[in-house]
Enquirer: 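One structure is given below, represented as structure tokens, and several questions about it will come after.
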Number of protein chains: 2
Amino acid sequence: MSDSARPVSKRDSRKEAAVAAEETQAVQLGELSDLLGYVLKRAQLKVFEDFLRCVAPLQLTPAQFSVLLLLDANPGRNQTEIANTLGILRPNFVSLLDSLESRDLCTRVRSANDRRSHILLLTEKGKSVLARAKKLVVSKHEARLNELLGPDGRDTLLAMLTKIAEEF
Amino acid sequence: MSDSARPVSKRDSRKEAAVAAEETQAVQLGELSDLLGYVLKRAQLKVFEDFLRCVAPLQLTPAQFSVLLLLDANPGRNQTEIANTLGILRPNFVSLLDSLESRDLCTRVRSANDRRSHILLLTEKGKSVLARAKKLVVSKHEARLNELLGPDGRDTLLAMLTKIAEEF
DNA sequence: CGTGTTTGATATAGTGGATAACAATTATCG
DNA sequence: CGATAATTGTTATCCACTATATCAAACACG
């Protein structure tokens, strides 16, 4: 038997033999691949990752982009209203807004009706950046998803996720 | 005009008038409801939330549960292997394991082949807890998802998310 | 042997999310 | 009106999760 005759290093007997067998015995996911929550999170991370890549030229995170979108669709709202609809707590929304305002993408204006609250508005630069971001998202990010799932698949997926997000 | 004759408080003119109109003009989500990443994250949060509720009697987080599942399906693996397949960085996996080991759900055993690495094994208590956790997940958590989406819908959703997680 | 690599571990920093508390302002109601 | 309560933005602080650099011990390999 040549095996016992040839002195085999530990590396040989483990890594190389395993590679010969099947690339170091892949760890079995088992029932994990059927756990919806697990796959859901993995998919979410991938999608956010791709979003960041696609919109990198404009230096916008998903959260920042969603704020700009909301301000555009709801001009004149205050911080509490915007933060609440995004599921962001007011204290945590402050620094997020600071960042956007310091980049001159939006402004806080004291309300005349209620001098406690800040009316939020997109600046011209904010509108311009948002418009460019939308184009990147549609042409690169969502386009890639359409390519992977097909338009029908994408719509089906969106509908199911919306149902979970709203009714679960 | 009775409006000008009756002194209306600011609260009247804002909150009540709005309620009369339509419950304080809800903030418009706008294009946000079509952003897959946004809905994906919201759904993921809801699912994790429900997972925690369903498995609360056993005090297991999704991450802890996934580790137990992997150890059960892959007895004898080391920390690096388990952490890698879960997408957890080795440094961060240490405290996670500390927590499980301190609860006597799993053990680290020095490998005889390679005395650097720790072989991970479920304890009897770990197997028992995992078995009970599985029952809760199936009977409560996944059951609720099936109720919401239907078995077909759930499978379709899982397939799409898997595709994104693996191929995106 | 000596050099380089791997494993588990520690320290540390960054980020996101959550609560308590505060000043300023507004609402409520006796 | 005036006292009390509620709301808004803000700060401070804490916890969980993530990411990087570094280390000693053990191992691989020439």
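Here is how names work: the chains are called A, B, and so on, in the same order as the sequence lines, proteins then strands, and each is numbered from 1. A quick note: this is a predicted structure, and the numbers were derived from the prediction, not measured.
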Enquirer: Need to verify one output field. Residue with the more 5' nearest nucleotide on DNA chain C, Val94(B) or Gly87(A)?
Expert: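 Its nearest nucleotide being more 5', the pick is Val94(B).
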Enquirer: Should Ile164(B) and Leu149(A) count as side-chain neighbours, where that means a heavy-atom distance under 4.5 Å?
Expert: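 Counting from C-beta outward, Ile164(B) and Leu149(A) do come under 4.5 Å.
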Enquirer: Could you check whether Lys127(A) pairs with Glu124(A) (Lys NZ or Arg NE/NH1/NH2 to Asp/Glu carboxylate O, under 4.0 Å)?
Expert: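 Looking at Glu124(A) together with Lys127(A), the answer is yes, because their closest N to O distance falls below 4.0 Å.
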Enquirer: Using whole Å, what does the distance between atom C1' of nucleotide dT11(D) and atom CD of Gln79(A) come to?
Expert: 13 Å
Enquirer: Taking Thr107(B) for its side chain and Asp104(B) for its backbone only, find out whether a donor-acceptor pair lies under 3.5 Å.
Expert: no
Enquirer: Taking only the side-chain nitrogens and oxygens of Arg90(B), find out if one of them lies under 4.0 Å from OP1 or OP2 of dC23(D).
Expert: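 Negative; the distance criterion is not met.
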Enquirer: Name the residue closer to the 5' end of DNA chain C, choosing between Ala63(A) and Arg115(A) according to the nucleotide with the nearest heavy atom.
Expert: Ala63(A)
Enquirer: Between Glu81(B) (CD) and dG8(C) (C1'), how many Å, whole number?
Expert: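 Rounded to the whole Å, the gap is 13 Å.
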Enquirer: Name the residue closer to the 5' end of DNA chain D, choosing between Pro91(A) and Lys41(A) according to the nucleotide with the nearest heavy atom.
Expert: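 It is Pro91(A), whose closest nucleotide lies nearer the 5' terminus.
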Enquirer: In whole angstroms, how far is the P atom of dT10(D) from the CZ atom of Phe93(A)?
Expert: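 It works out to 10 Å between those atoms.
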Enquirer: Donor-acceptor pair under 3.5 Å: do we get one between Arg116(A)'s side chain and the base of dT25(C)?
Expert: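 Under the 3.5 Å cut-off, the side chain and the base do form a donor-acceptor pair.
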Enquirer: Are Thr80(B) and dG8(C) close enough that a side-chain N or O sits under 4.0 Å from OP1 or OP2?
Expert: yes
Enquirer: Assess whether atom NZ of Lys125(B) is packed by more than 12 heavy atoms of other residues, nucleotides or ligands within 6.0 Å.
Expert: yes
Enquirer: Is there a side-chain contact between Arg108(B) and the phosphate of dT7(C), meaning an N or O under 4.0 Å from OP1 or OP2?
Expert: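 The answer is no; no side-chain N or O of Arg108(B) sits under 4.0 Å from OP1 or OP2.
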Enquirer: What integer distance in Å separates Leu97(A):CG from dG16(C):C1'?
Expert: 16 Å
Enquirer: What is the separation between atom CG on Asn113(B) and atom C1' on dA28(D), rounded to the nearest whole Å?
Expert: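 After rounding, the gap between these two atoms is 15 Å.
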Enquirer: Rounded to whole angstrom units, what separation is found between the CG atom of Asn92(B) and the P atom of dA9(C)?
Expert: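 It is 13 Å, rounded to the nearest whole Å.
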Enquirer: Distance check needed: dA24(C) P versus Arg110(A) CZ, whole Å only.
Expert: 11 Å
Enquirer: May I ask you to test the Arg53(A)-Asp50(A) pair for a side-chain heavy-atom distance under 4.5 Å?
Expert: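 Yes, their side chains come closer than 4.5 Å.
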Enquirer: Rounded to the nearest Å, what distance is computed from the CD1 atom of residue Ile82(A) to the P atom of nucleotide dT10(D)?
Expert: 14 Å
